[in-house]
Structures are given as structure tokens and as C-alpha cells.
Amino acid sequence: MVELPDKSTRLIDWYLEVLDAAQLTDKRYGVKGMNVWTPYGFQARRQLDAVMIRAIEATGSAPVEFPALIPQTEFQKEKDHIKGFDAQVYWVTRGGATELDIPLVLRPTSETAMYPVFALWVRSHRDLPLNVYQIVNTFRYETKTTRPFLRVREIHFFEEHTCQVDEATATARVESNLAAFGEMARAFVLPFLAIRRPEWDKFPGAFYSVALDIPVGGARTLQIGSIHHYRENFSGPYGIRYEAADGSQKLVHQTTFGLSERLLGAVVAVHGDQKGVVFPPALAPYQVVIVPIPGKPGAPDPAPAALALADALRARGLRVEVDRSDERPGAKYYRHELRGVPLRLEIGAREAAAGTATAVDRLGTKRLLGPNDLPGAVEAALADFGAALRAAAEARFAAAFSEARSLTELRGSTSVRVLRWCGREACGHEVETAIDGALLGTAEGPLPFKVEGEGGCIACGASEGTRWALAAQPL
RNA sequence: GGGACUGUGGGGUAGCUUGGUCCAUCCUUCGGGGUUCGGGACUCCGAGACGCCAGUUCAAAUCUGGCCAGUCCCA
């Protein structure tokens with residue numbers, strides 16, 4: 001019997017317990033920030049990867065895989081980059097008993113692994129654009145408290161790296177990545193905001209960084225991904241240049257796009273409730289669970305009908321489990337709800353005889369399906385669940401923001417704040433002190449709600465060049 | 001990076017102050033049997049732990065030190 005902590009008041013406790021109870025991860029491995037992918041968690045991750053792969057490949061990106069170890073000499077070529085990661089890289093300094101002449105870095109991200117090779121691959125404008133991605137594990141020596149999926153030391157990392165002919169094309173790639181992420185977020189049912197980070201918070205080595213943030217209750221936000229424009233910051237040091245059509249030699253402009261299993265944590269945190277995880281259909285390890293209900297001794301066995309329906313649904317491409325374990329139906333309901341299964345079908349003697357199924361989705365909507373085109377009705381019920389989940393998520397998203405017009409208003413914020421900012425760092429830090437959090441940056445797209453007028457900077461009052469910005473307490 | 005706290009079966013806990021009553025308590029879980037099965041069943045039998053390494057002592061879950069792991073606060 002599982003009693004989860006109250007999600008609204010104890011989000012982190014709730015999160016840790018629900019991951020454990022739903023068996024999405026096993027955090028008893030014994031190395032800080034490194035957890036075990038359980039069978040159920042791995043299946044969820046596989047769906048996550050599938051969504052990412054489909055969306056990014058649709059934009060003309062090709063999968064590659066680079067080695068995990070990077071020579072110190074390559075790692076150090078871009079100054080800001082190494083400064084940014086210096087404190088959190090793992091070093092490999094010995095092979096057996098032999099000290100290595102050139103120590104190796106266990107990749108915290110793969111710019112410095114890929115770019116020396118990109119310099120070999122890119123020679124002509126005809127080689128461009130170069131759009132490649134990989135999904136690999138990367139390593140960062142986190143000193144803060146680690147949490148499964150949200151902050152780990154071994155990261156399941158999606159990273160796209162591209163080379164473009166010029167700055168404008170690279171900017172267009174950033175836009176294309178944003179659109180691709182929009183596709184992914186639709187599948188995860190995660191309403192998000194694209195926010196251009198302030199100068200002091202951009203990726204080490206980037207020209208600018210666009211973060212993908214979601215609200216997660218109160219003033220808290222979670223960054224679930226990022227897209228960076230590097231301009232020539234890396235292509236210079238790594239010598240990635242090409243011969244243009246006019247015969248001149250030019251440096252490429254680069255972009256990257258990074259995501260991780262943090263998305264899985266975000267899905268759990270955003271959709272989960274007091275009963276446990278709620279998976280959107282695209283991510284659920286199994287989308288439908290069929291529970292046959294035996295009935296009195298001597299009654300007809302509903303198992304054959306359940307198995308036949310499972311086959312019919314699988315033929316339509318659905319992921320289906322039939323739970324024939326030796327438990328009472330109620331116990332099964334609780335367990336599958338805890339694990340976030342979108343749709344449960346109950347088949348007892350009545351349904352088996354009538355060719356129907358009683359369907360209950362994870363939001364509690366109950367109805368009788370069939371007997372006409374039962375598999376089709378199941379698909380429809382699953383689609384309805386997805387729509388209801390989206391409506392609920394979008395309503396919470398819309399309610400997560402509020403405007404702030406003065407620094408004092410920021411104190412004790414209970415929602416993510418939207419405010420006018422002049423762009424100066426000093427003013428930004430005043431905002432951060434007031435909200436006891438971070439100035440996330442300026443919105444890339446439309447704001448999450450309608451705003452009135454365009455007053456001066458919240459900190460200094462200047463009206464010149466102010467823009468809408470967001471402030472929050474990042475998790 | 002600096003500080004504080006914590007570590008008992010798979011999970012959660014009692015015991016620790018004042019060493020012996022502890023081959024360690026209770027709930028849950030797990031294995032086997034029986035009766036059950038439309039929202040967390042009952043019953044019988046069984047399994048499973050003092051983070052690691054040293055030290056103090058006649059005697060250590062309990063005291064001391066180091067290490068490992070975890071949590072929280074500060075930079």
C-alpha cells in the first residue's frame with residue numbers, strides 16, 4: 001500500500017517517492033547522481049528517444065556517435081567553454097598502471113569531441129549544412145544535490161550539432177530546432193516557453209542560448225532543454241572552415257540543441273497526481289492494460305477475450321499489456337494507476353459475452369466500449385485521454401504566470417513572473433535578489449498571456465529598450 | 001568549495017542518551033500452501049538488517065576515528 005506525500009506542498013518528496021513506487025528508476029546504485037534504468041523506466045526512455053529521433057530526423061539531421069573520451073588538448077581549445085566546465089569534468093588520467101601523457105576528459109558534452117572531426121569533414125560549401133545528432137551518456141561532476149532524471153552525473157543526453165554557412169542560416173537552424181522541439185513537446189504534452197538567457201547565464205562559449213522552460217508549481221521552473229547559437233566561437237579555435245562558391249575561405253557558424261532524460265522527470269512532475277505517474281500516450285511504456293476479471297468459480301473465463309483484444313490492438317500499433325497476475329482486480333487498478341498507464345480495460349464475464357470492454361482512463365473517465373469496432377473505440381478513448389490531458393496541462397500552464405510591476409512585488413512570488421527589463425546586468429541581478437531566484441531571460445515567442453502596456457524597467461525605471469522578461473526560481 | 005545532520009532486512013521503522021535484558025521491534029515486501037477475485041482480501045508456514053574498515057572494552061546496533069553513501073544550509 002503506497003501513500004504518496006502531498007504533491008502540492010511537498011513536490012520533491014512526492015517526486016522521489018513516485019519514481020520509486022512506480023519503479024521508474026532505482027537510485028540505490030551507490031554512486032552519487034548515477035541511477036539504474038529499470039525495465040519500466042527504460043521503456044519510457046525508449047519512447048522518449050523515439051519521439052526525439054522522429055522529430056529531429058524530420059528536419060534533416062543524421063545520427064552519429066562520437067567517443068566518450070576527449071583529449072585534454074582538444075578540450076581546452078575554446079576558453080569560455082573550458083572555464084564553464086572545468087569544475088565538473090571527470091578526468092581519466094591512467095591506463096592500468098600507466099599515467100597517460102595526455103589526460104582524457106569524460107565528455108560533459110561533445111563539442112570538443114566532434115569539432116576537430118568536423119574540421120576534417122567540412123571543406124566546401126557543398127558539405128553544408130552539416131546537421132548531426134547523437135544520443136549518448138555524458139558525465140558531469142555535479143556538486144549540488146542530485147535527483148533522478150532532473151540532475152544527474154551520468155546524463156542520457158540528446159545533442160544535435162550543426163555547421164551552417166553563415167550567421168543567418170545558423171539563426172534559421174535555431175528556429176528550426178525550436179519548431180522541432182514544439183513537435184516533441186506536443187507528444188510529451190508539455191506546454192513550454194522558449195527564453196533567451198541573459199548574457200551571464202548563457203552556455204559557456206555560446207553567442208546566445210535559448211532555454212526551454214516549464215513552470216512546475218509556484219514560482220518554480222524547470223529547464224528541459226536548450227538551443228545555442230555559437231556563431232564562429234568554436235569554428236575559429238577548431239578550424240572548421242570551408243571554401244565558399246566565390247573561392248574565399250570562411251568559418252562555419254554553429255548551433256547545438258540539447259535535451260536529456262530530464263524531460264522524463266518533467267513529464268512525471270507536470271502530469272503526475274496523488275495516485276502516481278500519468279503518462280501521455282506517446283511516452284507510456286504500455287498505453288493500455290487489460291485486466292481480465294475471473295468472477296465466481298465455474299463462470300466463463302474472460303482471459304481468451306482479453307488476449308484476443310490485446311492482439312487486435314497490437315496489430316494497430318498500440319503497446320498493450322494483459323495483467324493476468326494473481327491479484328485482486330482492485331490491487332491491479334491501483335498499481336497501474338501508480339505507474340501511469342493511460343487506459344485500463346476491464347473484461348469480466350459480462351464484457352466477454354457481449355464483446356465489450358469497460359474502459360477507465362488515467363484521469364478517471366469511465367465508459368463502456370464496443371461491441372462495434374472495439375479496437376477502434378479503444379483508440380478513440382486513448383485519443384480522448386490525450387486531449388483531456390492536454391487541456392488540463394494547458395490550463396495549469398496559463399495559470400502559472402503573473403505580471404510584476406515592482407521589485408517588492410517579486411518577493412515571495414507564488415507564480416512565475418513576467419516583467420519589463422532594460423537588459424542591463426545590474427538590473428537583472430536586482431530582480432534575481434528580489435525573487436530569490438533567476439532572471440530567466442527574454443521570451444523568444446509570444447508571452448504566455450496578454451500583457452497591458454509597456455512600462456519601464458522594473459528595477460531602474462528606464463523606458464529605453466525595455467523588453468518582456470521572465471523571473472522564477474529554477475528547480 | 002565551507003558547515004550541520006543522518007545511515008538498522010527490498011522499502012519504512014523501534015532500540016542508541018546510560019554498552020550486557022537484542023541469535024534485534026513493528027508495518028510493508030518477498031517465497032510457499034489454502035480460501036478468494038467487478039477498487040488496495042484473509043489465513044497458515046517461511047525468508048530477510050545493525051553502511052564499510054579500524055579502535056576502546058570481558059562485552060559494541062549503541063562509544064571513538066577514518067572512509068563511503070545520503071540529506072539540508074551557505075558560497
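Quantities reported herein were computed from a predicted structural model and do not represent experimental measurements. Convention: sequence-line order gives letters A, B, ...; per-chain numbering from 1.
With hydrogens and angles ignored, a donor-acceptor pair closer than 3.5 Å exists between the side chain of A/E351 and the base of B/G38.
Between the CZ atom of A/R324 and the C1' atom of B/C37 there is a distance of 14 Å, given to the nearest Å. Atom-to-atom, CG of A/L16 to P of B/U71 comes out at 8 Å; the value is rounded to the nearest Å.
With P as the reference atom, B/C67 and B/C5 are 16 Å apart, rounded to whole Å.
In this model, the phosphate group of B/G40 is not approached by any side-chain N or O of A/K332 to a distance below 4.0 Å at OP1 or OP2. Distances shown here put every side-chain N or O of A/T358 at or beyond 4.0 Å from the OP1 or OP2 atom of B/G38. Side-chain nitrogen and oxygen atoms of A/R328 include at least one within less than 4.0 Å of the OP1 or OP2 phosphate oxygen of B/A41.
Pair assignment for B/U18: none, as no Watson-Crick or G-U wobble contacts are both less than 3.5 Å. Checking B/C68 for Watson-Crick or G-U wobble geometry (two distances, each under 3.5 Å) identifies B/G7 as its partner.
If you look at A/F192 and A/F397, their ring centroids are not closer than 6.0 Å.
In this structure, A/K144 and A/V31 both approach RNA chain B, and ranking their closest nucleotides by distance from the 5' end singles out A/V31.
A salt bridge is defined here as a Lys NZ or Arg NE, NH1 or NH2 lying under 4.0 Å from an Asp or Glu carboxylate O, and A/R316 with A/D373 meets this definition.
Applying the 6.0 Å contact sphere to OH of A/Y29 captures no more than 12 heavy atoms from other residues, nucleotides or ligands.
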